[in-house]
A.B. asks: 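Dumping the structure here so I can ask a few things about it.
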Amino acid sequence: MFRSRRAGLVRRLWRSRAGGDGGVSCCGLSEEPAGSPELRAAASAVLKRLKEEAVCVLLEAVESRGAAPGLCVMVTRHGPPPQLLLCSLFRWPELQHPGQLKALSWCQGVAGSDKNSVCCNPYHYSRVCAPESPPPPYSRLSPKIEQKSLDTSLSRDMSKQGHWCSVAYWEHRTRVGRLYSVCQPSVSIFYDLPQGSGFCLGQLNLENRSEAAARTRGKIGLGIVLSREADGVWAYNRSDHPVFVNSPTLDAPACRPLVVRKVMPGYSLKVFDYKKSCVLRHHPTPPEHTDGPYDPHSVRISFAKGWGPCYSRQMITSCPCWLEVLLGR
């Protein structure tokens, strides 16, 4: 009886793989990835090693497409990396190497004490947006032009113990709601997250909200996760639409123009690098680029809409929905 129930759960799991994040459509795989028979065979071997409880956790994570990522699903390290196999099967068929993956802040099964096991829950991982990748030509934006867009700057006092950042939500040039202070190592910022807690943008009301903002708010969905880690601050895009990020540390210190990076769904980007920030402090911005409230400790994130020279939106204040992340010094 228990064996047949487990088998039924595994069959549901296989059927659920049509809802992946890359190269996959809602109706199934758009194209059978190369080597898929081998992948299915190797992934099947991993699933056979899981107990029924672990299969249930995995099924909920996959069927919810990460809205309910669940607990770690631990499995012994045997053969190809289990996390690579299940991430390839359920999310990104084109994955080639575990180095393309990053464990998310809620995953405890990667750096745990048990070196013989690893978490294979595909929604405990993201793809890595490599910072060294050259940005597209349109993404170079002069901070002198950009920072003139705000009439006022958000000043903040991070002396309050435990608050490593505060988040402001904007619609065009209007700040909506209060600053949201973050003291936990990570925070979810979302419109609708059934089983989550954090900064819920769906609860923020604004009179005379623009149609563009209303439409864009409908695309925020599961939103993003900001996490403070040893090397910097990371942003994970949990939504079904890209987000666009601007940060002083995304570019080389000698290059004055800032960079706007596009982060696709399922990807993570280090949006603020602590080491680069130290370099920037020792090499201050030239005077011609300090016009306006330029803040070297802030990160700006726009939902679904990019900005820059090749967009109709030249400045972030033209974006319908965006965040200003104010980091402690």
A.B. asks: Could you tell me the separation between the SG atom of C165 and the CD atom of E324, rounded to the nearest 0.5 Å?
C.D. replies: 11.5 Å
A.B. asks: Can you measure from CG (L39) to CG (L89) and round to the nearest 0.5 angstrom?
C.D. replies: 5.5 Å
A.B. asks: Show, in sequence, the C-alpha distance, side-chain angles and deciding distance for H172 and S210, and conclude whether the side chain to side chain donor-acceptor pair (under 3.5 Å) test is met.
C.D. replies: CA-CA 9 Å; H172 300 288; S210 71; 3.1 Å; yes
A.B. asks: Output, in order, the C-alpha distance, side-chain angles, deciding distance and verdict of side chain to side chain contact (heavy atoms under 4.5 Å, CB included) for S105 and V225.
C.D. replies: CA-CA 9 Å; S105 57; V225 176; 4.1 Å; yes
A.B. asks: Closest approach of L13 and V55, non-hydrogen atoms and distance?
C.D. replies: CD2-CG1, 4.5 Å
A.B. asks: Under 4.0 Å between a side-chain nitrogen and a carboxylate oxygen: does that hold for K275 and D231?
C.D. replies: no
A.B. asks: I'd like to check R49 versus T76 (side-chain heavy atoms, cut-off strictly below 4.5 Å). Are they in contact?
C.D. replies: yes
A.B. asks: Can you list the steps and then say if V167 with V182 is a side chain to side chain contact (heavy atoms under 4.5 Å, CB included)?
C.D. replies: CA-CA 8 Å; V167 182; V182 181; 4.3 Å; yes
A.B. asks: When rounded to the nearest 0.5 angstrom, what distance separates CG in L71 from CD in E60?
C.D. replies: 9.0 Å
A.B. asks: Would you say R77's side chain and K115's backbone share a donor-acceptor pair under 3.5 angstrom?
C.D. replies: yes
A.B. asks: Answer yes if L201 and V245 sit in the same cluster of Ile, Leu, Val, Met, Phe, Trp and Tyr residues linked by side chain heavy atoms under 4.5 Å apart, and no otherwise.
C.D. replies: yes
A.B. asks: Measuring only between side-chain heavy atoms, which start at C-beta, is L204 closer than 4.5 Å to Y169?
C.D. replies: yes
A.B. asks: Verify side chain to side chain contact (heavy atoms under 4.5 Å, CB included) between L226 and V299, making sure each step is shown before the conclusion.
C.D. replies: CA-CA 11 Å; L226 291 176; V299 177; over 6 Å; no
A.B. asks: What pair of heavy atoms forms the shortest contact from R261 to C129, and how long is it?
C.D. replies: NH2-SG, 3.9 Å
A.B. asks: Which residue, P122, P98, S88, forms the side chain to side chain contact (heavy atoms under 4.5 Å, CB included) with Q83?
C.D. replies: P98
A.B. asks: So do the side chains of K305 and P320 get within less than 4.5 Å of each other, counting heavy atoms only?
C.D. replies: yes
A.B. asks: Please examine the side chains of T249 and Y274, heavy atoms only from C-beta on, and report whether any two atoms are closer than 4.5 Å.
C.D. replies: no
A.B. asks: Could you pull out the closest heavy-atom pair between C183 and H163, with the gap in Å?
C.D. replies: CB-CD2, 3.6 Å
A.B. asks: I want to check something: taking the side chain as every heavy atom from C-beta on, are K219 and P242 in contact at a cut-off of under 4.5 Å?
C.D. replies: no
A.B. asks: Test salt bridge (charged side-chain N to carboxylate O under 4.0 Å, His left out) on E63 and R12 and set out the steps.
C.D. replies: CA-CA 9 Å; E63 288 188 335; R12 277 181 60 188; 2.7 Å; yes
A.B. asks: What heavy-atom pair brings W106 and H124 nearest, and what distance separates the two atoms?
C.D. replies: NE1-CD2, 3.3 Å
A.B. asks: State the CD-CG distance between E38 and L85, to the nearest 0.5 angstrom.
C.D. replies: 12.0 Å
A.B. asks: Nearest heavy-atom pair of A67 and R238: which atoms, and what distance?
C.D. replies: O-NH2, 3.8 Å
A.B. asks: With K102, which residues qualify under side chain to side chain contact (heavy atoms under 4.5 Å, CB included), at least two apart?
C.D. replies: S126, V128, E229, W234, S268
A.B. asks: With under 30° as parallel and over 60° as perpendicular, where do the rings of F199 and Y180 fit, or are they tilted in between?
C.D. replies: parallel
A.B. asks: Show, in sequence, the C-alpha distance, side-chain angles and deciding distance for R127 and L95, and conclude whether the side chain to side chain contact (heavy atoms under 4.5 Å, CB included) test is met.
C.D. replies: CA-CA 9 Å; R127 295 288 298 273; L95 271 178; 3.6 Å; yes
A.B. asks: Is the backbone N or O of G306 less than 3.5 Å from a side-chain atom of R313, with the two atoms forming a donor-acceptor pair by type?
C.D. replies: yes
A.B. asks: Please examine the side chains of Y267 and N237, heavy atoms only from C-beta on, and report whether any two atoms are closer than 4.5 Å.
C.D. replies: no
A.B. asks: Does C87 reach the side chain of L101, with side-chain heavy atoms less than 4.5 Å apart?
C.D. replies: yes
A.B. asks: Are I224 and F190 linked, directly or through intermediate hydrophobic residues, by side-chain heavy-atom contacts shorter than 4.5 Å (ILVMFWY only)?
C.D. replies: no
A.B. asks: Can you tell if the side chain of L193 reaches within under 4.5 Å of the side chain of C200, non-hydrogen atoms only?
C.D. replies: no
A.B. asks: Take atom CG of L9 as the centre, draw a 6.0 Å sphere, and report whether it contains more than 12 heavy atoms from other residues, nucleotides or ligands.
C.D. replies: yes
A.B. asks: Could you check whether the rings of W322 and W170 sit parallel, tilted or perpendicular, using 30° and 60° as the cut-offs?
C.D. replies: parallel
A.B. asks: Do the charged groups of E171 and R217 touch, with an N to O distance under 4.0 Å?
C.D. replies: yes
A.B. asks: Going from CG on L326 to CH2 on W164, what distance comes out if it is rounded to the nearest 0.5 angstrom?
C.D. replies: 11.5 Å
A.B. asks: About how many Å separate CG of L222 and OH of Y191, when rounded to the nearest 0.5 Å?
C.D. replies: 13.0 Å
A.B. asks: So which atom in S188 and which in S197 form the shortest heavy-atom distance, rounded to 0.1 Å?
C.D. replies: CB-O, 3.7 Å
A.B. asks: Any side-chain to backbone donor/acceptor pair from S64 onto A68? Under 3.5 Å, distance only.
C.D. replies: yes
A.B. asks: Using modelled atom types only, decide if a donor and an acceptor are shared between the side chain of S277 and the backbone of D273 within a distance under 3.5 Å.
C.D. replies: no
